[in-house]
Participant: 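Shown below is the structure under consideration.
Each chain gets a letter, A, B and so on, in the order its sequence line appears, and its residues count up from 1.
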Amino acid sequence: MDIYVHVGMFTRRFGRRIQQHFGERLVELYLQFGYGMMEHCRSLISQWGGGTAILSPRDLNDEQLSRLAATITKLPSGRVLLDPQFYLPHSDHERLCSHDYWPKDYQTHEFWQGGQALTDLLTKLNRLNQQLGCTEFILPGLHAATIDDDWLETQRAIMEEVDARAPNMPVLATIALSADAVRNQDQVALLLERSEEWKPRGYYIVCEHPNGRYLADDPIWLANILDLAAGFKLRGAKVILGYCNHQMLIAAATKADAIASGTWMNVRSFPPDKFRVAYDEEIKQRTTWYYCPQALSEYKIPFLDFANSRGVLQLMAPPKDLDGGFVTALFGGAQPTTVGFSEQAAFRHYLHCLHGQTAAAMRQTFDETVDHHRASLATARSLLTQLQAAAVRGQLRDFTEILDVNEAALSLLLTTRGPMLRRRWATL
Amino acid sequence: MSIDPAWLGTQFPDLTAIAPIGQGGQKVVFSAIHPTDGEVVLKLINPTHDPENARREVLAVINVQSTRVPKILDQGTVATSFGTSIWLREQRVNGKTLRECLQAGQFDTTKLLKLGLHMLEALVAAEQVHIVHRDVKPENIMCDGNDDFWLLDFGLARHLHLSSLTATAAHWGKGTPGYSPPEQLRNLKPNIDARSDLFALGVTLYECATGANPFIAGTRDALERIRRTETVTLPPLSLSFTAANDFRDLVQTMVQRRFDHRPATAAEAFDWMKEICAKENIT
């Protein structure tokens with residue numbers, strides 16, 4: 001099994017210290033590109049001394065893709081991956097369809113019958129990946145409403161074509177699943193069973209959230225993602241979980257290699273419809289949120305005013321090792337709503353915290369990793385209790401109801417995959 | 001099928017001291033003494049039983065080259081009053097079945113770990129020749145006078161490279177409710193491989209560690225055992241010896257309901273078991 005050591009991903013400030021303390025493998029935070037993220041990617045990867053951005057053809061035209069890739073790959077230890085976003089090939093999303101690799105005439109049956117169209121898609125994507133300087137080739141993969149023979153056949157066809165093409169970089173198979181598919185244990189088991197024949201270097205897993213919720217309140221959904229990630233990891237594959245928010249820090253317990261997150265909600269959870277037609281949520285719904293990492297919750301700024309008035313604001317300040325200096329003004333004594341806390345600072349703070357939290361999430365042993373996550377949940381529970389006693393709430397981004405979801409999912413992972421993960425942790 | 005040992009003596013003149021030791025639906029079993037092989041077992045397959053099943057049992061034991069499986073020394077057919085019967089002459093193991101051993105209560109650490117080690121050694125040998133035993137349980141495991149364990153009765157063995165003898169449409173697969181895994185009981189043939197035997201051995205080890213099989217204890221019938229197998233998660237073993245937690249983890253992994261949650265191969269489980277035994281100085 002290859003050992004990937006992405007030394008460039010550790011922050012200058014604390015990453016190397018964590019690396020030395022906990023060993024050479026960490027779960028990484030990749031930046032999931034979305035609307036308005038160009039400057040965030042450049043700035044954060046530069047600040048972190050390296051990092052990986054997953055480029056989004058939906059949000060970037062050809063020229064922008066090339067320019068951003070060049071900018072990032074010129075940074076020290078800067079890397080890019082390209083998510084081809086071939087989730088819904090019938091899409092008429094204007095920018096997505098404008099890319100050269102996107103088939104002009106997609107006919108489901110012909111496409112997957114070993115014709116030239118699939119070959120062309122993979123050939124063009126391979127070329128584009130090389131042009132952009134990608135280090136790994138994320139393969140196209142259809143969004144699975146249901147994990148059934150039809151969908152599995154499309155995955156098999158891609159693997160077969162890739163085997164024939166032998167691209168000159170490691171390939172990552174895309175596993176894009178609907179919320180219903182993820183919730184179905186039999187379907188997840190079927191996927192794990194049938195994928196035993198596939199031999200990609202790794203998997204890029206993107207999962208629709210149940211009921212479209214930002215924080216998933218369904219423990220089976222979360223447990224099945226952990227099961228899937230652990231199943232692939234135990235097979236020696238690399239695992240990247242795309243479109244994540246901080247709830248997926250729990251994936252460290254599967255020894256997943258990376259989680260990817262970004263700015264707006266639609267890159268912190270996977271909304272398939274975003275790839276069907278133009279989607280303008282990012283334009284309409286602009287609210288600035290402060291992420292309190294130790295509470296695993298986010299708060300609208302007026303609630304920070306309220307916390308200030310209740311004397312609990314300082315409890316919400318980020319711990320020093322997660323503080324990138326983006327939120328200093330919020331805790332400087334003035335009313336938080338008066339300090340001009342910007343959307344840009346909110347995003348950078350979120351991603352910087354998440355970067356630190358992912359770096360610290362994976363420990364030397366499975367049990368230590370589980371204990372760390374449980375300790376994080378316990379800390380959050382304690383703080384959330386205090387904040388709620390003062391009527392300070394994160395509303396839809398409050399983690400209170402999610403604590404038990406993560407606990408439950410972790411508990412199931414312990415029962416099913418725990419012994420094997422414990423045994424093979426050091427080799428994964 | 002009733003066979004007179006005296007009549008049998010006339011058919012197998014090289015055997016002496018022929019005595020019945022057991023009878024099942026598929027075969028009659030005798031002990032005997034052979035002039036060169038010493039103590040042996042003579043098995044006569046019921047002529048009404050599908051001869052292909054018997055042929056495959058023989059093939060399985062011949063192919064599984066393991067010191068933990070009694071060897072077939074000779075074979076042939078004999079005309080009986082019930083029809084032509086296939087016979088097997090096998091190496092005899094003197095000792096008790098695990099079921100008999102369990103009557104004295106749960107196993108001590110050494111015996112428990114040796115059981116796991118020896119049976120996994122046998123299952124690795126089976127795995128190497130693509131054979132699934134499909135009926136690992138205390139009745140089919142012998143413990144000899146040296147506390148060495150032997151895997152018996154490949155009568156239900158599935159040859160993964162041969163066509164199945166169980167009807168694909170059959171609702172239930174062959175096996176023993178309470179020991180066989182869900183995929184076997186439900187006749188999900190494509191899912192049956194060495195991991196199915198790991199499940200049954202895991203349950204057996206669990207029973208030997210605790211003195212009871214939770215899938216069976218207090219059940220009304222086979223259907224309830226199947227339901228338990230499909231729904232009950234066995235609580236982790238609580239034992240106290242140096243490698244107890246490792247052994248707990250191994251057994252917990254082996255008894256997973258989903259086969260993809262179990263060790264990927266018998267060889268992987270065997271390596272794990274060997275590490276545990278090494279910690280306990282058991283060879």
Side-chain angles (χ1 to χ4, degrees), chain A residues 1 147 149 152 156 175 184-199 203 219-220 223-237 239 253-254 365-368 370-371 408-428, chain B residues 116 120 160 181-183 186 188-196 198-199 202 205-206 209 214 230-239 243-279:
Chain A
M1 189 183 75
I147 299 170
D149 285 344
L152 288 163
R156 192 205 57 76
I175 304 291
N184 190 315
Q185 287 175 321
D186 290 341
Q187 288 184 27
V188 170
L190 178 67
L191 168 55
L192 281 165
E193 176 198 331
R194 299 284 280 275
S195 60
E196 282 183 10
E197 304 299 318
W198 309 340
K199 303 294 177 200
Y203 291 88
I220 285 294
N224 285 352
I225 291 176
L226 297 184
D227 187 59
L228 193 59
F232 287 142
K233 282 301 295 180
L234 287 166
R235 210 179 279 170
V239 169
T254 69
T365 67
F366 172 69
D367 290 314
E368 287 173 22
V370 169
D371 288 347
L410 198 56
S411 167
L412 191 55
L413 180 76
L414 272 165
T415 302
T416 55
R417 301 278 191 188
M420 196 58 87
L421 286 166
R422 184 178 294 120
R423 172 172 167 75
R424 293 182 49 195
W425 191 255
T427 65
L428 296 178
Chain B
L120 282 168
L160 297 175
E183 71 270 14
R186 291 285 172 186
L188 303 172
K189 287 186 205 172
N191 297 348
I192 295 172
D193 59 22
R195 291 173 288 188
S196 304
L198 292 182
F199 181 93
L205 289 169
Y206 196 98
E230 291 179 330
T231 57
V232 172
T233 299
L234 299 185
L237 288 170
S238 178
L239 302 168
N245 287 347
D246 294 328
F247 184 71
R248 171 203 66 196
D249 280 358
L250 172 58
V251 173
Q252 189 183 341
T253 307
M254 290 168 74
V255 299
Q256 291 291 324
R257 282 198 294 276
R258 261 175 52 189
F259 61 89
D260 65 295
H261 286 161
R262 299 176 208 146
T265 61
E268 183 180 9
F270 185 43
D271 286 344
W272 195 343
M273 193 71 219
K274 281 192 286 191
E275 290 170 24
I276 293 167
C277 288
K279 289 179 185 172

Participant: Can you tell which part of B:Pro263 gets under 4.5 Å to a heavy atom of chain A, answering side chain, backbone, both or neither?
Facilitator: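 Both backbone and side chain of B:Pro263 come within 4.5 Å of chain A.
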
Participant: Sequence neighbours left out, what passes side-chain hydrogen bond (donor to acceptor under 3.5 Å, both in side chains) with B:Glu183? Give chain and number order.
Facilitator: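 Partners of B:Glu183 by the side-chain hydrogen bond (donor to acceptor under 3.5 Å, both in side chains) criterion, ordered by chain and then number, come out as B:Ser196, B:Arg262.
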
Participant: Please walk me through it: do A:Leu414 and A:Arg422 pass side chain to side chain contact (heavy atoms under 4.5 Å, CB included)?
Facilitator: CA-CA 9 Å; A:Leu414 272 165; A:Arg422 184 178 294 120; 4.1 Å; yes

Participant: Answer with side chain, backbone, both or neither: which region of B:Arg248 has an atom nearer than 4.5 Å to a non-hydrogen atom of chain A?
Facilitator: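 The answer is the side chain of B:Arg248.
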
Participant: Let me know if B:Asn245 has heavy atoms under 4.5 Å from chain A in its side chain, its backbone, both or neither.
Facilitator: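 When you check distances to chain A, no heavy atom of B:Asn245 falls under 4.5 Å.
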
Participant: Given that the side chain runs from C-beta out, which part of A:Leu421 has a heavy atom under 4.5 Å from chain B: side chain, backbone, both or neither?
Facilitator: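 Neither part.
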
Participant: Can you tell me if A:Arg235 and A:Ser195 form a side-chain donor-acceptor pair at under 3.5 Å?
Facilitator: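 Yes, side-chain donor-acceptor contact under 3.5 Å.
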
Participant: Ring-plane angle category for A:Tyr203 and A:Trp198, please: parallel below 30°, perpendicular beyond 60°, tilted otherwise.
Facilitator: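 Because their plane-to-plane angle lies in the 30° to 60° range, the rings of A:Tyr203 and A:Trp198 count as tilted.
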
